[in-house]
Trainee: 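This structure is in structure tokens; I'll ask about it shortly.
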Amino acid sequence: MRPMSAPATPGEWLEVFQTAVRARDFAGGRTLFADDAVAFGTWARAVAGLPNIEREQWQNVWPRIRGFHFDADTLVRASGDHAWIAGSWSTEVTGPDGRPLERPGRGTFVLERRDGKWLAVHSHFSLLPSQSESAHGRVPSG
């Protein structure tokens, strides 16, 4: 993979991150996160430290997905050296029957500008919530 230039804004950071995920470019992804980052994911419950995030979340998810992207209405806000990003995302996976299946979710990032570079210090990815009784249980009667 060719080296990515450092994103100048949180919006550019998101574009570079999406590109790294789609390319399965773990090295590129690492340049976007602080070494002391904490992450919650669709695969790993909670992990601290960039090597653990890559091993326990990214390496288990990125090779399985295609077309990762955040939706156009994703919110990106910055104030001084801090920023946050929140929005819906979508990927395609291969379903149990071998056919393509859309896998939508939502994600948030907390970014800090350290030494002039935007780095994620926290990320949280989750699949869209299910409204089924199997996911939430039944409402008790009486």
Side-chain angles (χ1 to χ4, degrees), residues 1-79 81-141:
M1 303 277 142
R2 67 180 177 83
M4 292 185 242
S5 60
T9 67
E12 287 179 12
W13 183 96
L14 183 61
E15 291 297 323
V16 173
F17 179 75
Q18 292 175 116
T19 299
V21 174
R22 286 191 298 267
R24 297 174 180 94
D25 179 4
F26 298 110
R30 286 192 304 269
T31 68
L32 300 170
F33 276 68
D35 289 336
D36 60 346
V38 175
F40 304 143
T42 58
W43 187 273
R45 285 183 178 239
V47 285
L50 183 52
N52 298 325
I53 293 168
E54 179 181 352
R55 183 184 66 250
E56 296 178 33
Q57 177 66 29
W58 298 354
Q59 289 184 8
N60 287 301
V61 175
W62 295 8
R64 300 169 189 258
I65 62 175
R66 297 175 298 280
F68 173 79
H69 67 276
F70 269 82
D71 294 343
D73 62 351
T74 294
L75 299 174
V76 179
R77 300 289 186 268
S79 179
D81 290 334
H82 297 89
W84 58 267
I85 299 169
S88 298
W89 52 263
S90 185
T91 64
E92 185 180 277
V93 298
T94 302
D97 61 0
R99 296 189 343 200
L101 175 70
E102 184 180 356
R103 181 178 175 263
R106 55 206 170 157
T108 57
F109 297 98
V110 176
L111 306 179
E112 285 184 7
R113 189 167 26 210
R114 295 183 179 179
D115 297 322
K117 183 177 178 184
W118 288 106
L119 297 173
V121 295
H122 177 68
S123 67
H124 185 158
F125 281 82
S126 59
L127 297 172
L128 289 182
S130 169
Q131 302 304 314
S132 71
E133 288 181 349
S134 63
H136 293 285
R138 298 184 74 168
V139 176
S141 59

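Everything numeric in this text was worked out from a predicted model, so none of it was measured. FYI, side chains are in, hydrogens and waters are out, and symmetry mates aren't considered; it's all heavy atoms of this structure.
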Trainee: Do Trp13 and Leu32 have side-chain heavy atoms sitting under 4.5 Å apart?
Mentor: yes
Trainee: Kindly assign one of parallel, tilted or perpendicular to the pair Phe68 and Phe70, based on the angle between their ring planes and the thresholds 30° and 60°.
Mentor: perpendicular
Trainee: Would you mind reporting whether Glu15 and Pro7 have side-chain heavy atoms less than 4.5 Å apart?
Mentor: no
Trainee: Side chains of Arg66 and Thr94: does their closest heavy-atom pair fall under 4.5 Å?
Mentor: yes
Trainee: Do the ring planes of Trp58 and Phe26 sit parallel (below 30°), tilted (30 to 60°) or perpendicular (above 60°)?
Mentor: parallel
Trainee: Identify the two heavy atoms, one from Leu111 and one from Pro10, that lie closest to each other, and give their separation to 0.1 Å.
Mentor: CD1-CB, 3.8 Å
Trainee: Is Asp36 atom CG crowded by more than 12 heavy atoms from other residues, nucleotides or ligands, each under 6.0 Å away?
Mentor: yes
Trainee: If you look at every heavy atom in Trp89 and Ser126, which pair is closest and at what distance?
Mentor: CZ2-O, 3.5 Å
Trainee: What closest approach, in Å, do Arg114 and Glu112 show between heavy atoms, and which atom pair accounts for it?
Mentor: NE-OE1, 3.0 Å
Trainee: I need the minimum non-hydrogen distance between Arg55 and Asn52, along with the two atoms involved.
Mentor: NH2-OD1, 2.8 Å
Trainee: Just by modelled atom types, is the Trp62 backbone N or O under 3.5 Å from a matching donor or acceptor in the Arg24 side chain?
Mentor: yes
Trainee: For a 4.5 angstrom cut-off between non-hydrogen side-chain atoms, does Arg106 reach Pro129?
Mentor: yes
Trainee: Can you tell if the side chain of Ile65 reaches within under 4.5 Å of the side chain of Val21, non-hydrogen atoms only?
Mentor: yes
Trainee: Under the criterion salt bridge (charged side-chain N to carboxylate O under 4.0 Å, His left out), I'd like the reasoning laid out for Arg99 against Asp97: C-alpha separation, chi angles, the key distance, then a yes or no.
Mentor: CA-CA 6 Å; Arg99 296 189 343 200; Asp97 61 0; 3.7 Å; yes
Trainee: Looking only at heavy atoms, what is the nearest atom pair of Ala44 and Gln57, with distance?
Mentor: N-OE1, 2.9 Å
Trainee: Keeping Thr91 on the side-chain end and Arg103 on the backbone end, is there a donor-acceptor pair under 3.5 Å?
Mentor: yes
Trainee: Could you tell me which non-hydrogen atom of Leu119 sits nearest to which non-hydrogen atom of Thr31, and how far apart they are?
Mentor: CD2-O, 3.4 Å
Trainee: Measuring centre to centre across the rings, with the benzene-like ring taken for any Trp, is Trp118 within less than 6.0 Å of Phe109?
Mentor: no
Trainee: Between Phe17 and Phe33, is any pair of side-chain heavy atoms under 4.5 Å apart?
Mentor: yes
